S.K.: 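Structure incoming, see below.
Letters A, B, ... are given to chains in the order of the sequence lines, protein chains preceding strands, and every chain is numbered from 1. It should be emphasised that the depicted structure is a prediction, and the values quoted were computed from it without experimental measurement.
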Amino acid sequence: MKTIRTVFLKEVKDNFRDRRTLVSALLMGPLFGPILFAFVINLSVKQSLSSADEALDLPVIGSDYAPNLMTYLESNNITIVDGPPTRDDAINSVGNGEHDVVLVIPETFGEHLSEMTPATVEVITDQANTQAERETRRATRTLRAYNQELAAMRLTARGVNPVIMRPLNVDEVDVSTPSGRSAILLGMLSYFFIFALLTGGMNLAIDATAGERERGSLEPLLCLPVKRDHLIYGKIFATCLFMAISLSLSLICFHFTLKFMPLQELGMTPNFGSLVVLMAFLLLVPFALVGASLMTLVASFTKSFKEAQTWVSVVLLAPTMPILVVSILMVRPSTALMFIPSLSQHLLLVGLIKNEALNWLHVVVSVGGTLAIGAVLTWICARLYRREGLLG
Amino acid sequence: MIRVTDLRKSFGDVKAVQGVSFNADDGKITGLLGPNGAGKSTTLRTLYTVLKPDSGTATIDGVDVVTDSLAARARIGSLPHGSGLYPHLTARENIAYYARLYEMPPDTIDAAVQTVIDQLDINDFADRRTKGFSQGQRTKVSLARALVHGPQNILLDEPSNGLDVMATRSLRERIRELKAAGKCVLFSSHVMQEVAALCDEIVIIAAGQVALHDTTDGIRRATGCDDLEEAFVKAIGMVEPVS
């Protein structure tokens, strides 16, 4: 116990003096998340707010054949610009990305209209181009509205109420709360926090293993009358402390910066008050043991500081995997999932931000399961430290 | 007092030590002399229990290094080859860290650290961070760190490597002081002159075996060479490499 404390205190003191550790623990992790998040939020706010009001430039071929339609489009804030000379040119220009969407009106348009047969208009677009999707949707929506309007006029002219054309009135009722909506975006947060937590301890984990070996300070350390297990426990706990510091700084940083992000404009009111910050810390901090032992384990296998950095960086990405899979599959939280570290923290945190009541069984399984896995990894580290080959 | 009996250690196909036996007594300086790759470091590493021997035994003050390695380690102070310090800690903190790990009583640590700092003459740079220390300064701090708990047996693996003349001389003096205090000092080197200048007993190791174990004069007699370097070369030649 005494050895563990001595090693722990020394590693903490040593690393508080190491600029590399301080930068990664106190600056990189806590600041990277909020800055990136603020950037993404502002970008999406700008995009979603601007799109409806902004005039859309729509290249049209054969605009002369449909003057009324052109007027209608312009009254819907769509600016008609001259398109490519021919339909083939239009297809090429959309294919190579010069235009996002081109409207083609054939010569026969007016003829069909007056004969009351369906008049074809072509919307040329590239479905694979996601950027063009919004503009295409806006163009087709406006065309469909024009279609409805013409149909209604024709029916009215024949003394028929156009309402009969709408046997169904489909009304979508959105039950998502503002907090719930924010959860989608704020779900990203959990990864930022786990990232901050891991970067906080990364340098220490490497320094205490591969770094110590490279410096030549490991061999004299192993000559001391102390159990190797205790040395490694002290190092892992010191790593945990730095991870916890980095995590708490990151949480506090978000607590303050979220106030300055225009989330309300996106219809979000994230629940990230002081109490949530505290709960989030308590839910996430058990992951530090998994992170610290995993990094120590990985770094123990490597020959040098540089090599360790490469491999430990992989550990930074590992926790994204379960979060990513679950985000894609839209899995609901279940007790079984709470056994998976990083995923259970993610799910609990999302629930917390959504202002949902905590499922205490889930909390217990998450904390207990994560700590148990961390303990197993720590034990494996200790086994590894007993090897002779440790000195390389 | 260190006793090594028929020690053997292989790394894969490489037979590093093939039956080394010798004694190192208290109040004497014993030199482990041999060319590079002779098995000096492997022997010392077995003694400070970083390596486990394949066969044979070694005891420190009668304590077996394999079966009771923790107790054996408590009886030695060791300076492994290329010992590193913690660059962000001061020399004093480096030494104190080891004192705590030796589990010295907390209230005696400061005084013990100051004592070795005085003994090794490192007061000038004791409170500087060790980053950027010269090789001589680093060796002194490493040695202080190994001696802070006052061990009876001292193991030094090529301690004079990279030291200049002045630093080497002061290191020799420290080693003589340890001898005068009745300690058992075992140190390795590949420089005959150094070993001859310092040691009471010389164990010449070549190809993982003991070629000769004697005093300086004894080695001169056994090899029939007056010149020590000649004697060394001749002694190494006595061992037939076993493949």
S.K.: Using a cut-off of 6.0 Å, state whether more than 12 heavy atoms not belonging to A:F16 lie near its atom CZ.
M.R.: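 Atom CZ in A:F16 is crowded, with more than 12 foreign heavy atoms closer than 6.0 Å.
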S.K.: Which bit of A:L9 comes within less than 4.5 Å of chain B, counting heavy atoms only: side chain, backbone, both or neither?
M.R.: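 Nothing of A:L9, per the 4.5 Å heavy-atom cut-off to chain B.
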S.K.: Please evaluate residues B:L101 and A:V7 with respect to the criterion side-chain contact (heavy atoms from CB on, under 4.5 Å), reporting the C-alpha separation (whole Å), side-chain torsions for both, the decisive distance (0.1 Å), and the verdict.
M.R.: CA-CA 8 Å; B:L101 287 176; A:V7 174; 3.8 Å; yes
S.K.: Only pairs of heavy atoms separated by less than 4.5 Å count here; which of A:G216, A:P220, A:G211 has the most with chain B?
M.R.: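 Highest number of pairs under 4.5 Å: A:P220.
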S.K.: Heavy-atom pairs under 4.5 Å with chain A - which of B:Y102, B:F11, B:Y97 has more of them than the others?
M.R.: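 Ranked by contacts with chain A, first place is B:Y97.
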S.K.: With rounding to the nearest 0.5 Å, note down the distance linking CD in A:E219 to CZ in B:R45.
M.R.: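 Reported value, rounded in 0.5 Å steps: 4.0 Å.
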S.K.: Check the pair B:T49, A:C223 against side-chain contact (heavy atoms from CB on, under 4.5 Å), reporting the backbone distance first and the verdict last.
M.R.: CA-CA 7 Å; B:T49 77; A:C223 297; over 6 Å; no
S.K.: Do the side chain of A:R17 and the main chain of B:H88 share a donor and acceptor less than 3.5 angstrom apart?
M.R.: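 Checked: pair present.
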S.K.: Would you name the heavy atoms of B:L85 and A:R215 that are closest together and state the gap between them?
M.R.: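 Between these two residues, the closest heavy atoms are O-CD, 3.3 Å.
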S.K.: So for atom CZ, which belongs to B:F125, do other residues, nucleotides or ligands contribute more than 12 heavy atoms lying within a distance under 6.0 Å?
M.R.: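 Yes - once you tally the heavy atoms of other residues, nucleotides and ligands closer than 6.0 Å, there are more than 12.
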S.K.: Flag the one option from B:G77, B:P87, B:A146, B:A96 with the top tally of heavy-atom pairs under 4.5 Å to chain A.
M.R.: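 Counting heavy-atom pairs under 4.5 Å, the top option is B:P87.
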S.K.: Under 6.0 Å from the NZ atom of B:K52, do we count more than 12 heavy atoms belonging to anything else shown?
M.R.: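 No, the 6.0 Å shell around NZ holds no more than 12 heavy atoms from other groups.
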S.K.: State whether the side chain of B:Y86 and the backbone N or O of A:K10 hold a donor-acceptor pair below 3.5 Å, judged by distance alone.
M.R.: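 No, the answer is negative, given that no donor and acceptor are paired below the 3.5 Å cut-off.
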S.K.: Between the side chains of B:E93 and A:K13, is the shortest nitrogen-to-carboxylate-oxygen separation below 4.0 Å, so that they form an ion pair?
M.R.: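 Counted as a salt bridge, because a side-chain N and a carboxylate O are separated by less than 4.0 Å.
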S.K.: What's the separation between atom OG in B:S83 and atom CG in A:L221, rounded to the nearest 0.5 Å?
M.R.: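 That separation rounds to 11.0 Å.
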S.K.: Is it the backbone or the side chain of A:E214 that comes under 4.5 Å from a heavy atom of chain B, or both, or neither?
M.R.: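 Interface part for A:E214: neither.
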S.K.: Counting N and O atoms only, with roles assigned by atom type, does the side chain of B:R73 sit under 3.5 Å from a partner on the main chain of A:V226, one being a donor and the other an acceptor?
M.R.: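 Looks like yes, one N/O pair under 3.5 Å.
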S.K.: Counting only heavy atoms from other residues, nucleotides and ligands, does the tally under 6.0 Å from CZ of A:R383 exceed 12?
M.R.: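 No, the 6.0 Å shell around CZ holds no more than 12 heavy atoms from other groups.
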S.K.: Looking at NE2 of B:H149 and CG of A:L224, how far apart are the two atoms once the value is rounded to the nearest 0.5 Å?
M.R.: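 The NE2 atom of B:H149 sits 8.0 Å away from the CG atom of A:L224.
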S.K.: Against chain A, label B:R75 side chain, backbone, both or neither, depending on which of its atoms sit under 4.5 Å from a heavy atom there.
M.R.: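 Contact with chain A: none, neither part.
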S.K.: Around atom CZ of A:R5, are there more than 12 heavy atoms from other residues, nucleotides or ligands closer than 6.0 Å?
M.R.: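 At most 12 heavy atoms, drawn from other residues, nucleotides or ligands, come within 6.0 Å of this atom.
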